[in-house]
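For reference, the structure is listed below as structure tokens.
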There are 2 protein chains.
Amino acid sequence: MKPTIYDVAEKAGVSISTVSRVINNTGRISEKTKKKVLQVMESLRYQPSVVASALTGKRTRTIGLIIPDVANPFFAEIARRIEDRGRELGFNLLMCNTDNNQHTEEMALSLLKQKSVDGIIIGTTTKNYTLLNELLQEQFPVALIAQDIPELVIDVVTVDDFLGGYQATSHLVSLGHTKIAFLMGNSGRTSDKYRLQAYRQVLEENRLPFDERLVVETDYSMEAGKRAALEILASPQRPTAIFAGFDLIAIGVYQAAKELGLRIPDDLSVVGFDNTILATIVDPPLTTIAQPIDEMGRQVMDLLVREIEGSKSTKQRVILPPELIIRNSTKEIAGA
Amino acid sequence: MKPTIYDVAEKAGVSISTVSRVINNTGRISEKTKKKVLQVMESLRYQPSVVASALTGKRTRTIGLIIPDVANPFFAEIARRIEDRGRELGFNLLMCNTDNNQHTEEMALSLLKQKSVDGIIIGTTTKNYTLLNELLQEQFPVALIAQDIPELVIDVVTVDDFLGGYQATSHLVSLGHTKIAFLMGNSGRTSDKYRLQAYRQVLEENRLPFDERLVVETDYSMEAGKRAALEILASPQRPTAIFAGFDLIAIGVYQAAKELGLRIPDDLSVVGFDNTILATIVDPPLTTIAQPIDEMGRQVMDLLVREIEGSKSTKQRVILPPELIIRNSTKEIAGA
DNA sequence: GGTTTTTGTGTAAGCGCTTTACGTTTGGGA
DNA sequence: TCCCAAACGTAAAGCGCTTACACAAAAACC
């Protein structure tokens with residue numbers, strides 16, 4: 001049987017509260033007893049039960065992470081960074097994938113609470129503000145990553161989507177493109193909205209016409225990206241450049257282009273968003289907007305932990321700058 | 001304050017044991033009281049505390065997952081499948097990334113036990129058999145995924161690495177290649193060993209010479225793969241084909257080839273292993289050995305859960321067949 | 001109608017730990 | 001030598017839940 005604090009106490013010839021004190025390093029204890037107890041703990045290979053101590057009001061040192069899909073490289077990288085920072089801070093990660101499914105998300109949230117996680121990081125497109133609001137109401141530590149809900153007072157860490165969209169579109173425009181398509185996600189993320197705004201603004205600033213047929217909503221997958229690209233590239237208003245809302249979608253565009261015999265970047269310029277590993281391995285390497293994933297993961301975790309430890313009273317939004325990474329998928333428009 | 005079982009009991013005018021009974025659906029309860037209690041739970045938005053119930057000997061319905069790195073697409077996909085199956089079965093995943101670092105792994109194991117997970121799935125190359133043996137000794141549910149430790153009686157789910165290596169090498173040989181390099185992982189995974197054995201056996205069966213300078217060990221990263229490939233492709237015994245132990249390494253080979261001006265598959269054939277998303281997006285699409293990731297994830301979870309629920313007494317190894325996916329990175333040797 | 005069963009519910013003892021409120025020891029100053 | 005703070009330990013309550021065990025009340029039996 002697993003040794004308990006009683007076993008340690010008995011073997012060390014002290015009371016359990018004394019053992020508890022050395023475990024938590026609280027109260028006064030003589031060096032001698034402390035040493036003795038430590039020694040016994042070692043010899044018994046004693047490990048305090050987090051479950052029991054959580055029951056007495058202490059933290060579980062576990063935080064919940066809700067994301068759409070770890071198999072999506074962007075979220076995998078995010079998850080990794082969060083876990084890393086969590087480990088440094090002494091927290092573990094309970095991971096839930098929801099595929100942005102409302103019901104799965106509600107289940108996840110409920111489960112995480114039952115399991116007494118100390119806080120929750122959400123990376124999915126929650127539509128259920130009610131549930132979120134409830135959490136906030138009861139002061140439960142929550143933070144949003146890579147997503148914002150402007151209507152709520154909540155801790156958020158995102159990239160500056162407007163700026164990213166601006167950089168991407170500007171880059172394309174500066175290369176002489178005038179017919180630029182924008183493939184955006186369809187799940188109502190604010191990020192998509194901001195990027196779209198930027199896209200429109202750049203067009204406007206450059207006195208380029210906005211053609212709504214050139215912006216299409218798609219799923220967050222390669223296949224969906226491919227389908228959307230195929231369609232738009234076959235249409236009469238075929239664009240010479242495509243701004244894809246995510247690297248994954250950009251890859252779909254690559255496939256569509258290949259199928260249609262279009263060369264990138266000669267016949268079609270493509271810029272992505274995220275700068276996941278995918279962007280570096282496709283051919284040609286993808287010009288994309290880099291999200292500071294490392295920084296983002298680190299900062300949400302920090303934000304959340306400060307909230308958990310109560311060393312912070314006001315919520316905050318952390319908006320990090322994106323960076324345009326020019327690789328070889330974009331080029332001056334032919335004949336320009 | 002969060003409602004407890006007492007609150008429910010009081011409001012429903014029954015004792016807490018009655019409430020507990022309806023929660024767990026145990027013992028006898030009249031339909032009437034049951035309904036009443038359920039109703040009160042609903043109205044109070046009561047959720048039983050997993051922590052408290054775990055303390056009384058029930059499960060936490062949480063399982064630990066130890067992998068090298070979720071940011072590695074292979075493990076991300078594995079993690080995703082495991083989580084999916086876990087959700088179906090009512091288990092959550094506590095995820096730990098170790099980068100195959102011995103110390104991190106030990107910490108993770110220790111933490112997971114402190115947190116009373118019901119079982120642990122390990123996907124890292126554990127060298128610490130002692131620790132593992134301890135777990136097994138105390139009948140703690142553990143299962144290995146995508147990795148085997150032949151010396152231990154333990155639940156394992158892997159792909160048939162020997163067969164995979166055999167398929168890969170045979171494919172290359174059947175295309176006329178005689179100078180085939182093998183880039184394998186360097187962390188002592190048994191999978192690498194089996195693949196190497198298969199590689200040698202195929203060469204032997206085909207009366208091809210085995211040149212040990214053509215097998216090189218490398219890290220599990222693109223960069224490492226690239227470095228290794230660069231080196232081997234510059235050597236006097238330049239191979240005409242490379243069997244890369246992982247898709248990630250294969251991508252490194254692509255990059256090396258590009259840098260050297262070698263065309264794939266014309267000047268160099270490449271086959272990978274894993275069939276992650278990466279294999280489909282590189283150009284040319286990578287011929288690779290597919291691991292049945294879905295099936296693997298599902299099966300470890302099943303195995304582990306059966307162990308947890310005690311409905312299974314003997315350990316077992318589940319060896320799933322790989323599949324050679326021929327795409328465009330391999331070709332008959334020039335002039336053959 | 002009385003005696004068994006059966007059924008429904010309550011009581012109370014923990015699970016392993018933290019923590020508060022008290023006892024005991026020391027030992028230094030007067 | 002005596003007194004009073006430290007300094008150190010201990011006992012006990014309680015966290016929210018499960019689970020024997022006990023015990024009425026209701027149903028079943030002859």
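Naming: A, B, ... by sequence-line order, numbering from 1 per chain.
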Would you confirm whether [X], through its side chain, and [Y], through its main-chain N or O, come within 3.5 Å as a donor-acceptor pair?
| X | Y | value |
| --- | --- | --- |
| Thr190(A) | Asp148(A) | yes |
| Thr26(A) | Asn24(A) | no |
| Gln147(B) | Thr124(B) | yes |
| Thr4(B) | Tyr6(B) | yes |
| Lys115(B) | Arg61(A) | yes |
| Glu83(A) | Asn92(A) | no |

Residue mapping more 5' on DNA chain D - nearest nucleotide basis, Val14(A) or Ser17(B): Val14(A)
Could you check Ser15(A) against Tyr6(A) and say which one's nearest nucleotide on DNA chain D is further toward the 5' end? Ser15(A)
What residues in residues 28-40 of chain B put a non-hydrogen atom under 4.0 Å from any atom of DNA chain D? none
Between [N] atom [atom2] and [X] atom [atom1], what is the distance in whole Å?
| X | N | atom1 | atom2 | result |
| --- | --- | --- | --- | --- |
| Ile16(A) | dG14(D) | CD1 | P | 15 Å |
| Arg59(B) | dC17(D) | CZ | C1' | 16 Å |
| Arg21(B) | dC17(D) | CZ | P | 15 Å |
| Ile5(A) | dA12(D) | CD1 | C1' | 14 Å |

What are the 5'-most and 3'-most nucleotides of DNA chain C lying under 4.0 Å from any heavy atom of chain A? dG16(C) to dA21(C)
Please classify the nucleic acid contact of Ser53(B) as base, sugar-phosphate, or nothing, using heavy-atom distances under 4.0 Å. sugar-phosphate
Would you say dT19(D) has OP1 or OP2 under 4.0 Å from some side-chain N or O of Ser20(B)? no
Assess whether a salt bridge exists between Arg59(B) and Glu309(B), defined as any Lys/Arg side-chain N lying under 4.0 Å from an Asp/Glu carboxylate O. no
Short N-O contact, Arg80(A) and Asp99(B), less than 4.0 angstrom: yes
Nearest heavy-atom contact between Val51(A) and Ser116(B) is CG2-OG, 3.5 Å
Which comes earlier along DNA chain C counting from the 5' end, the contact point of Gly13(B) or that of Thr56(B), where each point is its nearest nucleotide? Gly13(B)
